Amino acid sequence: QVHLVESGGGLVQAGGSLRLSCAASGRTFSNYARGWFRQAPGKEREFVAAISWSGGNIYYEDSVKGRFTISRDNSKNTVYLQMNSLKPEDTAVYYCKAEPSIVQAMSVTGGHYWGQGTQVTVSS
């Protein structure tokens with residue numbers, strides 16, 4: 001059975017940093033694009049960042065550019081999201097996704113594989 005498990009969330013003060021991980025099990029995702037999304041209370045899930053299978057193509061949502069960095073380690077079947085200079089508006093549940101293409105990995109709809117989410121709370 002395939003699982004994506006996010007970890008690394010928590011409570012941090014504004015300006016702080018967190019590193020999220022999304023580990024996959026049950027199959028290899030080395031040839032899959034991976035995406036990060038977030039959903040704040042009362043809001044729709046939104047795209048945050050995506051990375052192609054090779055790491056050669058990376059995309060970010062405008063509000064996180066320059067603060068967040070997505071990366072992957074195919075040997076560990078894991079994708080990461082380094083979040084720096086966190087703001088209260090970054091507070092949300094963060095989800096990871098695995099898709100055959102980066103276009104699909106950037107889309108909030110559909111989803112071959114989703115994780116269960118990890119809570120990030122940024123206090124002011």
Side-chain angles (χ1 to χ4, degrees):
Q1 194 168 4
V2 177
H3 292 285
L4 296 178
V5 179
E6 300 95 337
S7 62
L11 173 63
V12 65
Q13 289 187 331
S17 299
L18 284 173
R19 188 193 193 205
L20 305 185
S21 299
C22 175
S25 62
R27 62 154 290 165
T28 180
F29 285 102
S30 59
N31 60 340
Y32 270 55
R34 306 288 288 276
W36 283 99
F37 294 76
R38 64 188 180 187
Q39 187 165 17
K43 295 187 177 181
E44 295 184 348
R45 190 171 298 188
E46 64 175 5
F47 167 74
V48 175
I51 186 169
S52 62
W53 70 270
S54 67
N57 292 295
I58 291 175
Y59 301 93
Y60 296 100
E61 191 270 330
D62 286 346
S63 70
V64 307
K65 285 181 181 177
R67 300 188 298 123
F68 290 10
T69 302
I70 188 172
S71 62
R72 65 188 297 160
D73 185 340
N74 287 339
S75 69
K76 296 182 179 179
N77 226 7
T78 299
V79 64
Y80 305 96
L81 186 68
Q82 177 67 43
M83 306 187 295
N84 299 328
S85 301
L86 283 162
K87 304 175 181 180
E89 51 263 45
D90 294 318
T91 295
V93 178
Y94 283 71
Y95 300 89
C96 67
K97 186 182 186 186
E99 294 282 7
S101 75
I102 195 162
V103 171
Q104 291 170 300
M106 294 172 66
S107 174
V108 70
T109 60
H112 283 74
Y113 305 103
W114 283 97
Q116 83 294 341
T118 185
Q119 176 70 49
V120 171
T121 303
V122 184
S123 63
S124 57

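All of these numbers come straight from a predicted model, not from anything done at the bench.
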Legend entry - Contact summary for Gly115 and Tyr95, nearest pair of heavy atoms: O-CD2, 3.6 Å
Inset, instruction - For residues Ser71 and Val79, report the shortest heavy-atom separation together with the two atoms involved. - result: O-CG2, 3.0 Å
Inset, instruction - Taking all non-hydrogen atoms of both residues into account, name the closest pair between Trp36 and Ile70 and its distance. - result: CD1-CD1, 3.6 Å
Legend entry - Expected output: side-chain Asn77 to main-chain Ser25 donor-acceptor under 3.5 Å: no
Inset, instruction - Search all heavy atoms of Ala40 against all heavy atoms of Thr91 and return the closest pair with its distance. - result: CB-O, 3.6 Å
Legend entry - Under 3.5 Å: donor-acceptor pair, side chain of Arg72, backbone of Ser52: yes
Inset, instruction - Could you grab the distance from atom OG1 of Thr28 to atom CG of Asn74, nearest 0.5 Å is fine? - result: 7.0 Å
Legend entry - Electrostatic pair Lys87-Asp90, nearest N-O below 4.0 angstrom: no
Inset, instruction - Report yes or no: is the cationic atom of Arg34 (NZ for Lys, CZ for Arg) closer than 6.0 Å to the six-membered ring centre of Tyr32, at no more than 45° off its axis? - result: no
Legend entry - Any Thr118 side-chain heavy atom under 4.5 Å of Ser7 side chain: no
Legend entry - Cluster link Met83 to Val5, ILVMFWY, side chain under 4.5 Å: no
Legend entry - Parallel, tilted or perpendicular: rings of Phe47 and Phe37 (30°, 60°): perpendicular
Inset, instruction - Spell out, as yes or no, whether a donor-acceptor pair under 3.5 Å connects the side chain of Tyr59 to the backbone of Val103. - result: no
Legend entry - Separation of Asn84 CG from Thr69 OG1 (nearest 0.5 Å): 6.5 Å
Inset, instruction - Search all heavy atoms of Ala49 against all heavy atoms of Leu81 and return the closest pair with its distance. - result: CB-CD1, 4.2 Å
Inset, instruction - Following the transitive rule for hydrophobic clusters with a side-chain heavy-atom cut-off under 4.5 Å over Ile, Leu, Val, Met, Phe, Trp and Tyr, establish whether Ile51 and Ile102 coincide in one cluster. - result: no
Legend entry - Spatial distance of atom OG1 (Thr121) from atom CD (Gln13) [nearest 0.5 Å]: 13.0 Å
Inset, instruction - Kindly say whether Gly117 contributes a backbone atom to a donor-acceptor pair with the side chain of Glu6 at under 3.5 angstrom? - result: yes
Inset, instruction - Considering non-hydrogen atoms only, spot the tightest contact between Phe29 and Val2 and give its length. - result: CZ-CG1, 3.5 Å
Inset, instruction - Decide whether Leu20 and Val48 are clustered together by the hydrophobic rule: side chain heavy atoms of Ile, Leu, Val, Met, Phe, Trp, Tyr closer than 4.5 Å, transitively. - result: yes
Legend entry - Any side-chain heavy-atom pair of Leu18 and Phe68 under 4.5 Å: no
Legend entry - Rounded distance [0.5 Å steps], CZ in Arg38 versus OG in Ser63: 4.5 Å
Inset, instruction - Determine whether Tyr94 and Val12 fall in the same hydrophobic cluster, where Ile, Leu, Val, Met, Phe, Trp and Tyr are linked whenever their side-chain heavy atoms lie under 4.5 Å apart. - result: yes
